[in-house]
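Here the structure comes first, spelled out in structure tokens, and everything after it is commentary.
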Amino acid sequence: MSAENPPPPAPAPSDFIRDLVAQHLAEKRYAKIVTRFPPEPNGYLHIGHAKSICLNFGLARENDGQCNLRFDDTNPAKEEVEYVDSIIADVKWLIDGWADHCLGYKAKGSTAAAITSNGRPDFHLAPVPVEQISSPLSGAKTEPFFASDYFGQLYFYALELIRRGQAYVCDLNAKETEEYRGAPDKPGRNSPFRDRSIEENLDLFQRMRAGEFPDGARTLRAKIDMASPNVWLRDPLLYRIRHVAHHHAGDKWCLYPLYDYAHCLSDYLEGITHSICTLEFEMHRALYDWILESLDLPRALPKQYEFAKLIPGYTLVSKRKLLTLVNERVVHGWDDPRMATLSGLRRRGIPASAVRRFVTSVGVTKYESVTDIALFEHVIRDELNTLAVRRLAVLRPLKLVLTNLAADEVILCDAVNNPQDETPTTRKLSLTREIFIEADDFAEVPPPKYFRLKPGGEVRLKYACLIKCDELIKDADGNLLEVHCTADLSTRKGEPNADRKVKGTIHWVSAVKCLDAEVRLYDRLFTVAEPAAEEDFLKVVNPHSLEVVTAKIEASLGTSSAEERFQFERLGYFVLDPKDAQPGKPVFNRTISLRDTWGK
RNA sequence: UGCCUGGUGGUGUAAUGGUAGCACAGCAGACUCUGACUCUGCUUGUCUAGGUUCGAGUCCUAGCCGGGCAGCCA
């Protein structure tokens, strides 16, 4: 602890949900706060999910609580293990070093156990102690929670609902069910099967489970109120028949519960205290409560709270549309660095810390809006500014000859690795007779206020010396081939004229010592701020979202690893592509450019 | 003509009856061996109309405008 220079405490976020939780804690309503992050494994996680993850895990870490990762896998037709695996990896990446100690996992293969609560029979599934989750030494096998692990208990509760006269088997088909439901402003009509006897319902439901009926033949419905102004209370479906195998539960079931029925009970079984979801579920809250209250359960009931989801500008946050981009080959996969998926952002080189800062900084409210992507870009640059080591690389090379240097002369220059460090380290750069500079750092006819190299002009070569432009070498067609300059070695660091100032400083690499690298320059994927509002979002895809160049990079970059973050000076932040880079064949992704106030 | 829900600068938010603040963006300047970073300054806001109050973004009433809800999806 350095008493003289304490780190600034991160301001604790405050919002209506955190206020509510604080109030519940003050009232001693719950012994421990337990939240959950419940994705359906039907796609990859995106930046919108990151907000939910950071809210749920944030609540857990701020209150010594726990947050369960639970797969809401009640629709086998849309789900795959590929998605399960990617979601686990993405969540772990996002919370690593931040909230991993709050991650709720269960013993592998376990499901809710029969227990006694308040003297009454009950089911509960406790998480394993955190230290066992990622400790290979403990030998404990753990896994996330799965709604599909509760199919047995859920079936049991359905039988109970039938016995209580609060659920019935309905033979209406999908179209008829829709017709009977009415419209938001028109009441529905009772199903002709609504008044079946409890015995008949029990018999039919058990036979549904046994596989006696084909898909769609019958459903189990809650008996609530077909005239309710809330359409979700008009005898909502609880179970449907689907003769398909499940990616996690196998082929044990042909009867699958629907979201509203499975979610509240899964929350209850895990002892969730605060079940946080997005605004579109507001109308479902009454049903969430109805199911739990109808069962007369012996433990405290979870409560649902809703917040506005994150909609960043110039991106898409809809699994369905993201899937379209993948299937239509607009991008190269779910983890394409242009995608707003967590795996895409990770491959792009965006640190998890930046994602967390961004999704936290937008706050938690019930106001739906499009968030300016500049907010995200700012935190990415800010995080990377301290994390990234500086390197020199030339994206669009132009040859420059220092005519007063001998052909085999090598002048070693000290270059700072990261000026943001408290005690910056340096490395050596080789200045040689032939170097490359950025093509747009030279202008034969310079625009106004041009600080860079021009005929007869002077500029500093970063970490080296001042050079003066003497001559342009062109081909027969007048195309510029080389720029010839003289180097003023007396302006090197430690030399008498080191402090001589010129307006411009440019980056460079030695033409003989540099390496070639493929560099992928990414830009926003869409040309409009709200692609989701477009009639066809494929029509507003930015045709220039990816540009590939062969860059000249300084030699030290040849041994980089995918974990390192680089700032190519004056250009932006770059990272080695974890998939495509090979030893001896570097491939870099541009995470983001540097802020450019000159415009050009 | 149903139900739920929300409106604070260009954007995201704070202010819990008491000076409308912060961040981003923008603009201007300082600094600079990165036109980066950093620093300084500036511009811009409580949906409307009434009411309660010494005092209203906040409370009340009435409007206006927006979002969501009628999958055997989640």
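For NZ of A:Lys493, the number of neighbouring non-hydrogen atoms (other residues, nucleotides, ligands) closer than 6.0 Å is 12 at most.
For the C1' atoms, the distance linking B:rU52 with B:rU19 amounts to 23 Å, nearest Å. B:rC22 sits 14 Å from B:rG45 when the C1' atoms are compared, rounded to a whole Å. Atom P of B:rC24 sits at a distance of 39 Å from the matching atom of B:rC64, rounded to the whole Å. Rounded to whole Å, the P atom of B:rU43 lies 30 Å from the corresponding atom of B:rG35. Taking atom P in both B:rG26 and B:rG10, the straight-line distance is 16 Å, to the nearest Å.
OP1 or OP2 of B:rU13 lies within a sub-4.0 Å distance of a side-chain N or O belonging to A:Thr365. Between A:Thr74 and B:rC73 there is no side-chain polar atom (N or O) within less than 4.0 angstrom of OP1 or OP2. Between B:rC37 and A:Arg595, a contact under 4.0 Å exists linking OP1 or OP2 to a side-chain N or O. Residue A:Lys503 places none of its side-chain N or O atoms closer than 4.0 Å to OP1 or OP2 of B:rG35. A sub-4.0 Å separation between OP1 or OP2 of B:rU32 and a side-chain N or O of A:Thr505 is absent. Phosphate proximity of B:rA36 to A:Arg381: absent, as no side-chain N or O sits under 4.0 Å from OP1 or OP2. Dashed line: the shortest gap from a side-chain N or O of A:Arg240 to OP1 or OP2 of B:rA74 is under 4.0 Å.
The residue A:Leu571 sits apart from the nucleic acid: no heavy atom pair falls under 4.0 Å. Nucleic acid contact for A:His507: none, since no nucleic acid atom lies under 4.0 Å from a heavy atom of the residue. As judged by a 4.0 angstrom heavy-atom cut-off over every strand, A:Asn173 is placed among the base-contacting residues.
Base pairing of B:rA62 is made with B:rU48, judged by Watson-Crick or G-U wobble geometry with both donor-acceptor distances under 3.5 Å. The partner of B:rC3, taking Watson-Crick or G-U wobble pairs whose two distances both stay under 3.5 Å, is B:rG68. With a cut-off of 3.5 Å on both Watson-Crick or G-U wobble distances, the partner of B:rG12 is given as B:rC22.
With a 6.0 Å cutoff to the six-membered ring centre and a 45° limit on the axis angle, A:Arg391 does not count as a cation-pi contact of A:Phe566.
The aromatic rings of A:Phe151 and A:Trp253 sit perpendicular to each other, their planes meeting at more than 60°, with 30° as the lower class boundary.
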